[in-house]
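Input: a single structure, listed below in structure tokens.
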Amino acid sequence: MLDIRLVREQPDFVKSRLALRGGGDEAKVDELLRMDAERRKAETALQALNAERKKLSKEVGGKRSRGEDSTALEERVREIGDEIASLSEQTTIADEKERDLLLQIPNLPHAAAPIGDNPSANRVMREWGKKPEIADALDHVVIGTRLKLFDLERAAKLGGSGFICFTGTGARLERALIQFMLDLHTREHGYFEISPPFLVRRDCMIGTTQLPKFEADMYGLEPDASGRNQLFLAPTAEVPVTNFHREEILRADELPKKFVAYTPCFRREAGSAGRETRGIIRVHQFDKVELVKITAPENSYAELESLTADAERILQLLGLHYRAIELCTGDLGFGSAKTYDLEVWSPGQKAYLEASSCSNFEDFQARRMNLRFKDANGKNRFCHTLNASGLALPRLFAALIECGQQPGGSVRLPEILLPYFGAPEIG
RNA sequence: GGUGAGGUGGCUGAGUGGUCGAAAGCAGCGCUUUGCUAAAGCGCCGUACCCUAAAAGGGUACCGAGGGUUCGAAUCCCUCCCUCACCGCCA
């Protein structure tokens, strides 16, 4: 959520920044400012009436205790009460409209972000390793099916299309990768492990920006009888973990907070079938190890660099070729000011697959979830929040078995997985 | 799921219709006393929003959330959420 004061004071700056995203959101700014002015006007009038009622009510109390007649005064206060009722309704409506609009407007891109409205404007920051040379490389669907690492047909019997069912050594490899990543991040990178609820409340989904705008992409349960308290299947551990400290005021010396969590992730993403969705690349449920940081504003960009490095380390230790790109303004997620994607090389698809997205949301999420810290001057300020996949499992799994494929049909695994998987190769 | 007890400021905890944004204590900050420590005394010490661009100042709201009763609600009523205890059920 943008700071309404910034929007009020520098509307042209805000509009020009929003325009860089190419989503047309700058058009909402004028409407927002109208709602803001309307709300404040109603609020000021309401406060004047409240002050009047407060004063007169006390006079009623005084008269009564002295045994004096107060009926005329009471009648006057009753009238004010009626005015207050209608004005406060107006105020509430204006306030809700303003907030709804504010929730619909995305974050401002970082000043240095590459400008562009499609992925071709993304900036390649660096590449690591090199593409393995594999003659007639098979893709992960062929390899995985042949070695019975997963069973997509039977998965469709269980969950429908767009689900994976890992089987046998495939399931074991999945488990090994999770364990490997959690161990690395907790033992060597200093992250605190959390195993959170997979179902989260609406407020949390709003806090991390999945709602209200992307409700159609989310799995939601039935609301309860009151119509509130609806639960959603978390589309990423970002939701429960970033919201862990929602509505809290943290001490400055606790920052940065570094969390790692393994969770399944549930996404509707009614994407079309095709190459993009082949095999296990895009599915409705997948496993992910997620990194989250809560930082002071001054340090968030330095923390983004180390966060990205922590995620990259997984790929490096597994010996997988990847590149890091910085997303252009048009490709940036709704809440993000700056994002690096890590793309791992898929020999089977001869393409880079997004395996991690590392973002700094600045105070955009913190403002929505009212997550603050007390700074050195004792002032409460919004924290900055960041997250990175560290990493998403299916794409990592796919790259791993494609890169490890041997002429004889087996798959060789990186040495570092040996203690986790228990064997140097599959098949 | 059932029954009961609760939810008040950073913490403890008083407050059952009016002058209560809220006693008191603890913690914290400042000052005085002091060789240092300790102790004592005095003062300050919630958040958000509005007037307002900021400061000073003023105002409004907030006692789990939402609604209601009333001239007036932390206080009375209703619904919901959460916590604790016991019972039931269950991996």
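Reminder, nothing fancy here: chain letters follow the sequence lines and each chain counts from 1. Note that the structure is predicted; figures quoted are calculated from it, not measured.
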Closer than 4.0 Å, any side-chain N/O of [X] to the OP1 or OP2 of [N]?
{"X": "A/Asn380", "N": "B/U47", "value": "yes"}
{"X": "A/Arg372", "N": "B/A48", "value": "yes"}
{"X": "A/Arg53", "N": "B/G72", "value": "yes"}
{"X": "A/Lys54", "N": "B/A61", "value": "yes"}
{"X": "A/Arg39", "N": "B/C50", "value": "yes"}
{"X": "A/Arg8", "N": "B/A54", "value": "no"}
{"X": "A/Arg40", "N": "B/C51", "value": "yes"}

Using a heavy-atom cut-off of under 4.0 Å over every strand shown, decide if A/Arg251 touches base, sugar-phosphate, or nothing. nothing

Of A/Val60 and A/Lys374, the one whose closest RNA chain B nucleotide lies more 5':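 So the residue in question is A/Lys374.
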
Nearest-nucleotide wise, let me know which of A/Ala48 and A/Ser57 is further upstream toward the 5' end of RNA chain B. A/Ser57

Let's see if you can work this out: which of [options] has an atom nearest to the side-chain heavy atoms of [X]?
{"X": "A/Glu74", "options": "B/A48, B/C71, B/C51", "answer": "B/C71"}
{"X": "A/Gln47", "options": "B/A61, B/C71, B/G59", "answer": "B/G59"}
{"X": "A/Ala51", "options": "B/G59, B/C49, B/G18", "answer": "B/G59"}
{"X": "A/Glu9", "options": "B/C71, B/C81, B/A53", "answer": "B/A53"}

Spatial distance of atom [atom1] ([X]) from atom [atom2] ([Y]) [nearest 0.5 Å]:
{"X": "A/Leu233", "Y": "A/Thr263", "atom1": "CG", "atom2": "OG1", "result": "10.5 Å"}
{"X": "A/Thr295", "Y": "A/Asn360", "atom1": "OG1", "atom2": "CG", "result": "6.5 Å"}
{"X": "A/Asp341", "Y": "A/Ser389", "atom1": "CG", "atom2": "OG", "result": "8.0 Å"}

Tell me which nucleotide, if any, is Watson-Crick or G-U wobble paired with [N] when both distances must be under 3.5 Å.
{"N": "B/A65", "answer": "B/U79"}
{"N": "B/G1", "answer": "B/C87"}
{"N": "B/A22", "answer": "none"}
{"N": "B/A48", "answer": "B/U60"}
{"N": "B/U32", "answer": "B/A40"}

If you measure from the Lys or Arg side-chain nitrogens to the Asp or Glu carboxylate oxygens, is any gap between A/Arg64 and A/Glu74 under 4.0 Å?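 Here A/Arg64 pairs with A/Glu74 in a salt bridge, since their nearest N and O are under 4.0 Å apart.
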
Measuring only the [atom1] atom in each nucleotide, how far is [N] from [M]? A whole number of Å is fine.
{"N": "B/G25", "M": "B/C86", "atom1": "P", "answer": "36 Å"}
{"N": "B/C62", "M": "B/G72", "atom1": "P", "answer": "13 Å"}
{"N": "B/G35", "M": "B/U19", "atom1": "P", "answer": "49 Å"}
{"N": "B/U75", "M": "B/G68", "atom1": "P", "answer": "14 Å"}
{"N": "B/C78", "M": "B/G21", "atom1": "P", "answer": "26 Å"}
{"N": "B/G64", "M": "B/U47", "atom1": "C1'", "answer": "16 Å"}
{"N": "B/G46", "M": "B/C11", "atom1": "P", "answer": "14 Å"}
{"N": "B/A22", "M": "B/G15", "atom1": "C1'", "answer": "8 Å"}

Once the angle between the rings of A/Phe364 and A/Phe334 is folded into 0 to 90°, is it parallel (under 30°), tilted (30 to 60°) or perpendicular (over 60°)? perpendicular

To the nearest Å, give me how far apart [atom1] ([X]) and [atom2] ([N]) are.
{"X": "A/Asn50", "N": "B/C71", "atom1": "CG", "atom2": "C1'", "answer": "14 Å"}
{"X": "A/Asp203", "N": "B/C80", "atom1": "CG", "atom2": "C1'", "answer": "14 Å"}
{"X": "A/Glu247", "N": "B/G9", "atom1": "CD", "atom2": "C1'", "answer": "17 Å"}
{"X": "A/Asn370", "N": "B/C62", "atom1": "CG", "atom2": "C1'", "answer": "13 Å"}
{"X": "A/Arg201", "N": "B/A65", "atom1": "CZ", "atom2": "P", "answer": "13 Å"}
{"X": "A/Glu68", "N": "B/G18", "atom1": "CD", "atom2": "C1'", "answer": "15 Å"}
{"X": "A/Asp82", "N": "B/C71", "atom1": "CG", "atom2": "C1'", "answer": "11 Å"}
{"X": "A/Lys379", "N": "B/U47", "atom1": "NZ", "atom2": "P", "answer": "10 Å"}

Is it the case that the side chain of A/Arg21 and the backbone of A/Asn107 share a donor-acceptor pair, with hydrogens and angles ignored and the cut-off at 3.5 Å? yes

Side chains of A/Tyr262 and A/Gln179: any donor to acceptor distance under 3.5 Å?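 Per modelled atom types, A/Gln179 and A/Tyr262 side chains form no pair under 3.5 Å.
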
Does a side-chain heavy-atom distance below 4.5 Å link A/Thr145 with A/Phe150?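 SC-SC contact between A/Thr145 and A/Phe150 confirmed.
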
